[in-house]
Structures are given as structure tokens and as C-alpha cells.
Amino acid sequence: MDRISVPERPEWRAKAAELGFTFADMHGEPYWDESSAYSFSLEEIEGRIEDPCTELHAMCREAVARVLADEALMERMGLPRLRWDFIRDSFEAGEPEVYGRFDLAYDGKGPAKLLEYNADTPTSLYESASFQWLWYEDQLAARVLPEGSDQFNRLHEALVERFAEIFPADTDLHFAAMAGAPEDYATVETMAWAAREAGMGAHYTDLEKIGISEEGQFTDAEDRVIGTLFKLYPWEDLFADEFSAHLASAQCRFIEPPWKALLSNKAILPVLWQMFPGHPNLLPAFFADDTKGLADAAHLMLAGHVTKPIFSREGASVTITAQGRVLERAANRAYDRHPMIVQAYAPLPVMGGFRPVIGAWVVGETCVGLGVREDRQLITQDLSRFKPHFIEG
Amino acid sequence: MKRSRAVSLGILGAAAFGLAACQQEEQTDAAAFPDKESCMAAAAQGGWFTREDCETTFAEALAVHAETAPRYESQELCEQEHGAGNCGGDAAAGSGGGGSIFMPLLAGYLIGQALGGGRAMAQPVVPKAGGGYATPTGGTQLSRLNSTGKMGTTAFAKGPTTAGQPPMTRAAVASRGGFGGSAATRSVGS
């Protein structure tokens, strides 16, 4: 793994504007940054990221079964008891997953370490699947990148295949995001492109405009009944919303399925460590009130530890501590009220003054691509930059 | 090869859905008035519309209201959507047919500058339950009348004809807005 300078495509800003990639700059800072790129060897991609992440996903499925079978662990998930059956039923019925993104700390030397699994509402899909792919094809055509190089990015094709695999042709699918968030909308729309290509009917509705019919089914902004809903909105928030009582009875299939609420949840990290202690891709993790577990594991946390809420987005309410000193504390504390977990600190490598975090995409049950984001801070937050990558020839 | 052979490079906000939420639409000068007189008074101050525009757009707004305002099977249902005291019987329905039809009263109208010249555009607005106003389809919402500013031109697109159609029943008027209240941040993805 290396971070190398590459010439930018001279016309990329115009191209981004033309393609509607309006958030290539965000908060007055560049978000898409192709002034440099991350390079990997093929062995590294396959042996350190692809295969381990496919295995991690399989382990996560085992962990879901374990949590569902253990009431004490279900309690740890911080989800309302009233919805436990709904979650369990979706897993027992084999409701298929579509996508997720593992965030990994990887320094090019040791094994990649799982920081968390964005298994429910991962974003940055457009930049990863589409704009990054275009960057590679353009740079290959311009001979900036050599013949024989490649990119780990089967994301779009894999999504098309996945939709075709789990839904009969011409199934009508609804896609919903919160209004007014272009980054979220781009992910939803990218997903809808793949569904269309797979032969599905794709309809968009703002999440807030979803209604409930007299028969108790969800309806879109134009009163069409929603049979399948892709919702870019966290399960734990759906469970807290006014319509949550209708979720189980609305005869609606959801993407991601309800059982993903157990994986996007950081309470799964201590469960994984209990089930697979010492696994090379896992960091030691414990519930924050597990004082005995933490005391016994002190020798595993010499580099420091990270405190994270079980629910959190974009690094909010995360604190990194080492040698009794706070190294960094996220300014956004919106998730402070949730239960916490403690994870061993795996520092991100520093490359060109930035700290890259690997986002490894899983479609279905297989790792199919990656995207790199980098941040100047220790905690990757909403000012991070998206960087393209390639595989050396 | 570890990458997609082809990726459909759609245009964000335009391609995948029939009607995209983030679509950029053309903006035009627009103003909202409760009645023709307020429009006339504003026209007298100068600006892009004349007193004559006020006349023609008001007449058009009245006609469009009669043709496209939402229609309900009961006064109660209409008031639930548009507020107490804001509904009346459908005059156009006449005395024939079975049962009454109710529709929101005209609360005012929008006037918009036609892009590329031509006659000023008109659209009626009706009251919303809980305050504010909306065009008959509900597609454009305003917090107050007697205001001017830029508005998307789609606000002036005429909605489907409701006159002579069966009125909406309670089942058709779905309850909405039960999702989205628990988000901690504006962008909820991760």
C-alpha cells in the first residue's frame, strides 16, 4: 500500500458537475481528491482485504445468530424489545442482505483490523462504484496508469447481479432517503441505477413522505403501495419513529433487512471478540461496563483504547485514549447518551500527512470492492476526503 | 479483472427515477397574494408584473382552482387536511349525483414571470391544516402570502383535473410523516 502523486484529470471538475456530483466539495473543503491515489498490490488486495472481509461477513452472520439466541446479548443491542421478534423473524426467514461496508485500519504491513461494520446505511456508494471507476478508466486511457493495472471495484456489477438474484424481474422497489441530503441521495440513486439495470422498477420517495394506508401498508408520496423499501435510514431510528408499530405488519420487505440492525451496531464488536478471540482481523473489544473483561485485557490495549457509542455516525461521540491521556475526542457528541463499547486502539497509518481508512464493500456475502477515505484527524469524520485507488500491474 | 466491465454513468438527480428529488429546475420571479387587490397594490409599486397581469392571473387562478383543487367526500376530511373553516361544498358538482363533495377554499394565488416572455403564469393556493399554503397538488408550499421571490417553474404546472372525478375517501388520504423524526443528523448515512 502506498500513497502516490498522480496528475489530476484536467477536466474532472467539469465532469463532476456534468454528472451531478455536486458534493465533490463539501463544507468548503475538497471531498473528492484525486491529486494523489492509493496503490495496492494484487496479493495485498486479495489476501489482506478481499478474502478477510468475506470471512468477516460470514463471522458477522454467525454473530447475529448468536445474539438472537441470547437474551442478555439482545439487551446489549439497545433496541426496543417490542421489535425483537421482527428482527429475529427477518433472519430466520433468510431475508437477504444487499450491501455493507467494513471500515478497516490497514497500514500495508500487518493484517487489516475491523474498526466497525456499516452494515445498514453505508454511504459513499456513488463515489466508490461510479466516479472512482470513471477515474480509473480515464487515467488508464490517458496512460497515467499502465496497462495491466486494475482497480478493486466490482461494486456496480455485483449490485446488479445481487438485485437480479434476490428479486424476480420487474419487481417494483422503492428507494427512500431523508430529503435535503445530497450525499445520501447519491447513494440511493446509485443503488437504484443498479436495480434498474437488473430489470427492476425503481421509484424514489422522500422518507418523510411515506404514509400508511388504511390497510396498514406503507405508501409513497404518490399513494402507491410500497412492497419493498430500500431505506437509507438507520434501523434504530426507524424503531424510534412514530410508524414503528407498523413495521412488522406492513407486508413490506426491507433493504437492508431488519437483522442488519445487529451488525451496524457497535455492540456486535465485543460479541465478535468473544466468539473469535485473537482473530487476526479483529480488535479486542468489550462492553464499557465489563470491568473484569477490560482488566484482564489490559495487556491487549497498551497502544490505547477507543470508546464508541453502540450507535454513531461519522465518528460522533468517539474518544481515543492512550497512556491515560485523551488523544482525540470527537467534537460532535450527539450520540453520548447511548451505551458505550471499548475497543483496542489501532492507529491509522500516516501517509502524506493524512490517515487513510479502508472501506471494503460487501455485496451479498462477498467483498467486491474498496474505497479509501483519509482525514488529518485520528477519528475519520465528515471532513474526510475520498481518494481513488488502483492495483499495480 | 477486479473491476466492473461497465458502469452506467447516470446523472445524479436526473436519471434513475421518473421524478428526482434533487432535480435542478429553472427558477423564475414569483409573487404570492391573498387576492387581486393586493396584487394590484404591489403592481403599482413597479416591478415585473402589471395591474393587467393581476387581473388575468387571478381569473386563471380561480378557474384552475375550480378544476384542480383536491376534492373530498366529507367536510371533516377536507378540514383535516386544510384546517377548520377552510372548506366548502363543490359548486361545480351541482345538485345531481349522489352525495356532496368538499374542497378547500381559494386562499390566494401565485403569479410567476414566464421564462422567455409571454403571459404571466398563475396558480391557485389553498390553506394547509396547521398553517401555511400549498398549490392544489401540494407540490409547492408557502409559509405566507404577500411575499415575492424566486420559485421553480414547476410550481406553475397545472395539476390533474379533479372536477367531475370521484372525491378522495379517508383511505385515499393516507397518514404521512411517521418516519424521519428520530434522525440525529441531517445526513444519516455512514
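Order of the sequence lines sets the chain letters (A, B, ...), proteins ahead of strands, with each chain counted from 1.
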- Which class fits the ring pair Phe179(B) and Phe218(A): parallel under 30°, tilted 30 to 60°, perpendicular over 60°?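 Because their plane-to-plane angle lies in the 30° to 60° range, the rings of Phe179(B) and Phe218(A) count as tilted.
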- Task: To the nearest 0.5 Å, tell me how far Tyr233(A) OH sits from Ser182(B) OG.
- Result: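 Taking OH in Tyr233(A) and OG in Ser182(B), the distance rounds to 4.5 Å.
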- Query: If you look at every heavy atom in His156(A) and Ala6(B), which pair is closest and at what distance?
  - Reply: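 Nearest heavy atoms, His156(A) then Ala6(B): CD2-O, 3.7 Å.
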Can you tell which part of [X] gets under 4.5 Å to a heavy atom of chain B, answering side chain, backbone, both or neither?
X         : answer
Phe311(A) : neither
Thr380(A) : neither
Glu208(A) : both
Leu155(A) : backbone
Ala221(A) : backbone
Ala316(A) : neither
Glu236(A) : neither
Leu159(A) : neither
Leu134(A) : side chain
Phe239(A) : neither
Ser130(A) : both

Other residues, nucleotides, ligands: >12 heavy atoms within 6.0 Å of [X] [atom1]:
X         : atom1 : answer
Lys128(B) : NZ    : yes
Arg333(A) : CZ    : yes
Gln165(B) : CD    : yes
Glu52(B)  : CD    : no
Arg51(B)  : CZ    : no

- Residue that, paired with Glu157(A), satisfies salt bridge (Lys or Arg N to Asp or Glu O under 4.0 Å) out of Arg5(B), Arg3(B), Lys2(B):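 When Arg5(B), Arg3(B), Lys2(B) are each tested with Glu157(A), the salt bridge (Lys or Arg N to Asp or Glu O under 4.0 Å) holds only for Arg5(B).
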- Message: Counting heavy-atom pairs under 4.5 Å with chain B, which one of Arg154(A), Lys209(A), Glu242(A) comes out on top?
- Response: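 Looking at each option in turn, the highest pair count goes to Arg154(A).
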- Message: Applying disulfide (SG to SG under 2.5 Å), can you list everything that pairs with Cys54(B), at least two apart in sequence or on another chain?
- Response: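 Cys54(B) satisfies disulfide (SG to SG under 2.5 Å) with Cys39(B) only.
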- Message: Going by the rule side-chain hydrogen bond (donor to acceptor under 3.5 Å, both in side chains), which residues pair with Gln75(B) if we only count those two or more places apart in sequence or in a different chain?
- Response: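 Partners of Gln75(B) by the side-chain hydrogen bond (donor to acceptor under 3.5 Å, both in side chains) criterion, ordered by chain and then number, come out as Glu79(B).
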- Message: Donor-acceptor check, side chain of Trp133(A) to backbone of Val7(B), threshold 3.5 angstrom: yes or no?
- Response: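 Not a single qualifying donor-acceptor pair exists.
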